[in-house]
Amino acid sequence: MFAEVIVDIKSSNTDRVYTYKIPEGMKLEVGMRVSVPFKNRFIEGYVISITEQTSYPVDKIKDIHKILDNYSVFDEKMIELAKWMKDYYKCYFSEALQTIMPVGIKRGEKKVKIVRINISEIPDELCKRAPKQYEVLHYLQKRSPIRLSELVKILNIDYAIIKSLQKKGYIKVYEEEIHRYSVKDIERSQPLVLKEEQEKAVTEVKKSMEKDVFEKYLLFGVTGSGKTEVYLQLIDECIKSGKSAIVLVPEISLTPQTIERFVSRFGNKVAVIHSGLSPGERFDEWRKVKNGVVDVVVGVRNAVFAPFKNLGLIIIDEEHETTYKQSDMRPKYNAKEVAEKRCELENAVLVMASATPSLETYYKATKGEYKLLRLTKRINVSMPHIEVVNMSDELARGNTSIFSRKLFSYIKENLQKKEQTILFLNRRGYSSFVSCRDCGYVPKCPNCDISLTYHFEDKRLVCHYCGYQEAMRDTCPKCGSKRIRYLGIGTERVENDIKKFFPKARVLRMDVDTTKKKGSHEKIFYDFRSGKADILIGTQMISKGFDIPNVTLVGVILADITLNLPDFRSSERTFQLLTQVAGRAGRGEKPGRVVIQTYEEDHYSIIASKYQNYVRFYNEEIKYREIFRYPPFSHLMNIVISGEEEEEVKNIAANVYLMCQKIVNKLQNKSYNKILGPAPAPIRKINNRYRWQVILKSEDRNVLVDIAEKVQTMKYPKNIRISVDIDPLNIM
DNA sequence: AGCACGCCGACT
DNA sequence: GTCGGCGTGCTC
Ligand SMILES: [Zn+2]
Ligand SMILES: [Zn+2]
C-alpha cells in the first residue's frame, strides 16, 4: 500500500504529490500528518490519499517514517477544500492544508536551525582568503545565536559558506524547538417571538436546510432589524436536524455581549474562536469540534475551517467586512468564498448578512445567484436624524475651524444636557489627496477614476493604480478657485480644538496611538460607557463594536477622507462607514443626531447615507463599476514587487509588467484584460523595502490565476520578493 | 592543486 | 526550502 503525501516545503518545485510506502502494520489513514524521509532528512507531510498501486518506480520509494498524531487531521472534504484553495488562490498545496490545520497542533515539535559563533577573535587570514566567511563571523560577533535561515537571508549568502565555517569549527549549528507562547455559567435565554419578516426569512432558509441542498442567501437587514435572533433560530433548527453550524463574525464585534447571546441560547454546545486565543487554546477548541463535543462555532475568519463532520449551515455576519480576507499571509483567501465552497462540498446552506452588503454580493443577489431575504423594519430602534453640512459654505462664511457651526452648537448642547458625543475621523492614512475648498473638486486619475495621491517631495499628483502623474494645480479646473490644496486632519488636531473650545469637556481619544496595548481598546470603551468622558474622538474602530446607550450625537468631522482613499471602493467604504456610524447614535431610548461634514455634499454616497438608503447608493455605484470595469464586472489582481534597492525593484516591476502583457497578448479568447502600472505602492516603503506594484484587471479570473502562476514561479534576483493577491480588498 | 563560492537540479 | 554536486576562478 502506498500513500500520496504533500510535503511541508514552501517552494514551487516541491509542490506536488510524493509517493511513500506504508510499512507493514502501520495504521495510516487519509488526512494524517506524517514524518517522511526526504533526501537526507525527515520532514513533515500530509497524506492526501492511500492507493494500492503507483506509477513511480517502486525501488525508489521510501517508507513513511512515522505518524505524527493518533488521528486524522483532514477528512476527505477538507482535502477537497484545500485542493480548491491552492488552485483558486494559487498557493502551494501545503500552505492550503496548513491554513485549514489548527496552529496549536504542532506543539513543541517544530525545530529550527540556530547558528552560534564559536570563537572570540576572527582569524586575520580569513579577511582576504574568504571574505564572505569573514563577513558572517563579523555579523555573528554582534548577533549570535541567530536562526540560520535569517542569517542567510540578511547577509544574502550561500549555505556553502556556513558549511565550511562549521567544518573549521568557527561556528556551531544546532537545532532548537520553537516554543509556543504560551466559559462561565450564563443564564439561558429563550427564543424570542419573531416579527413577520424575520419569520419569513427563517422559514425560507429552513426549507433549504431540510432539503439538504447547497443554497446561498443574502440576508439584507437594516441596522437593528433583529438579524441575530434569525441566526439563533436557524442554528437551533440546524442542530435539531442533527447537523452543525458555523457563525463567522468580524473580530471587532466578537465582544462578550455577542458571545453571551450565543452561549445563553446553546450553552456548552458552543465553541468560540477569537483572535486572542493562544495556539494551544485554539487547538483545544478545534478538538472540541472534531470530537463532536460542540455543535456551533462562533468565530473569526479561520473559524470557517472548523472541522465539523456534518455541517449544515454557515452564517456570515457583516458580510461586507474586509476582515474576512486574509491579506497579510498566504494563501490570501477570503472566508466568504471558502465558506461558499465548503457549503457546496457539504450540501450546506450559506447565509450572508449585512445592512450594507458589498457591491459584489448584492449584485449576485440581483442576478439570482444568492436568494435575497429582506429585513426592512427596525425593532425598538429609531432612525437617527442625519444632517449633512457643506464645509465650503462654512469657509465662505468665514468659519475656518474644523467644526461647522451646526456641529459646534450640537456639541455644546450635548455637554449641557450631559449626553455623550462621538466624533469620528478617518485615520489620515498613508496617502493624502488634494481638494478645492470652494467647490469640492478632487483631482482623479483619467484612466482609473480614483483620487490622485499628493506627493509632498516632488509636489506631484500620482495614481497608485496605473502610475499616471500630473503636476500639482494652483487653480481649480472646475471653479477657478485658488484654494485647491492638500486636505487632511488628524485626531490630535480634533482633540486640541475640542480642548480649546470646550475646556471643561472630558475627552477620550481612540486611535492607533492610544490603542497599541492589548485591551486598551476595550478599556477606552468601558470608560466612555461608564460615563468617564463626554466626548470620544476616534478613527475607524469606534464605528463598530460596543453599544453605548447615552450617545446622542455623532459627528463625522470630514467624510471626504474616506471618500478619497486611493481605492475604487472608496465610495462603498464611505457609505458603509457612515451607515455604521449613524447606527451608533441613539441606540438607547434617546433619539440620536448625526452630523456629516464634507466638501462633497452632492456625492451619492453622502446623499444615500443621509436618507439611509442602500439601494439608492447601490444603483449609482454599480453604474460607476460598470463604466470603469471594476468588480463585480471584473476581477483585480495586485502584484507587489519589493526589495532594498528602489531602482532594481522598479526594473523588476517593469519586467513583470511586460511578462503580463506577453501572456495577455497570447490569449485566444477576447476577454477584457488590462494591465496597470507599474506604479509605486501606496505604502512605498515597509521595513526598509521599497514596493512597486502592477495591477491587473480581467473579466476572466482564470487569466489572472494563470498569470499568478507564472509570476510566482519566475526567477528573481535574491532579496526581491513578489507577493500576489487575487481579488484584493485593500491595495497597499 | 586546493579552496571559496555561486549556481543548479533533485528530493518519492 | 535545503542539500550536495559541479564549474569557475583565484591563490599558493
Ligand atoms: Zn473648485
Ligand atoms: Zn490611474
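Letters go in sequence order (proteins before strands), and every chain restarts at 1.
Listed by first and then second residue, the ring-ring contact (aromatic ring centres under 6.0 Å, His included) pairs that reach into residues 2-21 of chain A are A:Tyr18-A:Phe38, sequence neighbours excluded.
Between A:Ile639 atom CD1 and A:Leu696 atom CG the span is 5.0 Å, to the nearest 0.5 Å.
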With the criterion being N/O to N/O and under 3.5 Å, what pairs connect the protein with nucleotides 2-6 of chain B, and how long is each?
{"from": "B:dA4", "atom 1": "OP1", "to": "A:Lys168", "atom 2": "NZ", "distance (Å)": "3.0"}
{"from": "B:dC5", "atom 1": "OP1", "to": "A:Pro131", "atom 2": "N", "distance (Å)": "3.2"}
{"from": "B:dC5", "atom 1": "OP1", "to": "A:Lys132", "atom 2": "N", "distance (Å)": "3.1"}
{"from": "B:dC5", "atom 1": "OP2", "to": "A:Gln133", "atom 2": "NE2", "distance (Å)": "3.4"}

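For the pair A:Asp15 CG and B:dT12 C1', the computed distance is 15 Å after rounding to whole Å. Atom pair A:Lys718:NZ and B:dC8:C1' shows a separation of 12 Å (rounding to whole Å applied). Between A:Lys715 atom NZ and B:dC7 atom C1' the separation is 9 Å, expressed in whole Å.
Side chains of A:Tyr170 and A:Gln133: a donor-acceptor N/O pair is absent below 3.5 angstrom, by distance only. A:Gln98 and A:Asp8 form a side-chain donor-acceptor contact under 3.5 Å, judged by distance and modelled atom types alone.
Here A:Tyr56 lies in heavy-atom contact (under 4.0 Å) with a base.
Electrostatic pairing of A:Asp727 and A:Arg701 counts as a salt bridge here, judged by a charged N lying under 4.0 Å from a carboxylate O.
Relative orientation of the A:Tyr630 and A:Phe568 rings is parallel, given thresholds of 30° and 60° on the angle between their planes.
For DNA chain C, the outermost nucleotides in 5' to 3' order that have an atom under 4.0 Å from a heavy atom of chain A are C:dG1 to C:dG4.
For DNA chain B, the neighbouring residues in residues 16-32 of chain A, judged by any heavy atom under 4.0 Å, are A:Arg16, A:Tyr18, A:Thr19, A:Tyr20.
Within 6.0 Å of atom CD in A:Gln668, 12 or fewer heavy atoms from other residues, nucleotides or ligands are found, so the atom counts as exposed in its surroundings. Other residues, nucleotides and ligands contribute at most 12 non-hydrogen atoms within 6.0 Å of the CG atom of A:Asn688.
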Report, one line per pair, each donor and acceptor closer than 3.5 Å where one atom sits in a side chain of residues 50-60 of chain A; sequence neighbours left out.
{"from": "A:Thr51", "atom 1": "OG1", "to": "A:Gln53", "atom 2": "O", "distance (Å)": "3.0"}
{"from": "A:Thr54", "atom 1": "OG1", "to": "A:Tyr56", "atom 2": "N", "distance (Å)": "3.2"}

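The side chain to side chain donor-acceptor pair (under 3.5 Å) test applied to A:Arg143 returns A:Tyr139, A:Glu150, not counting sequence neighbours.
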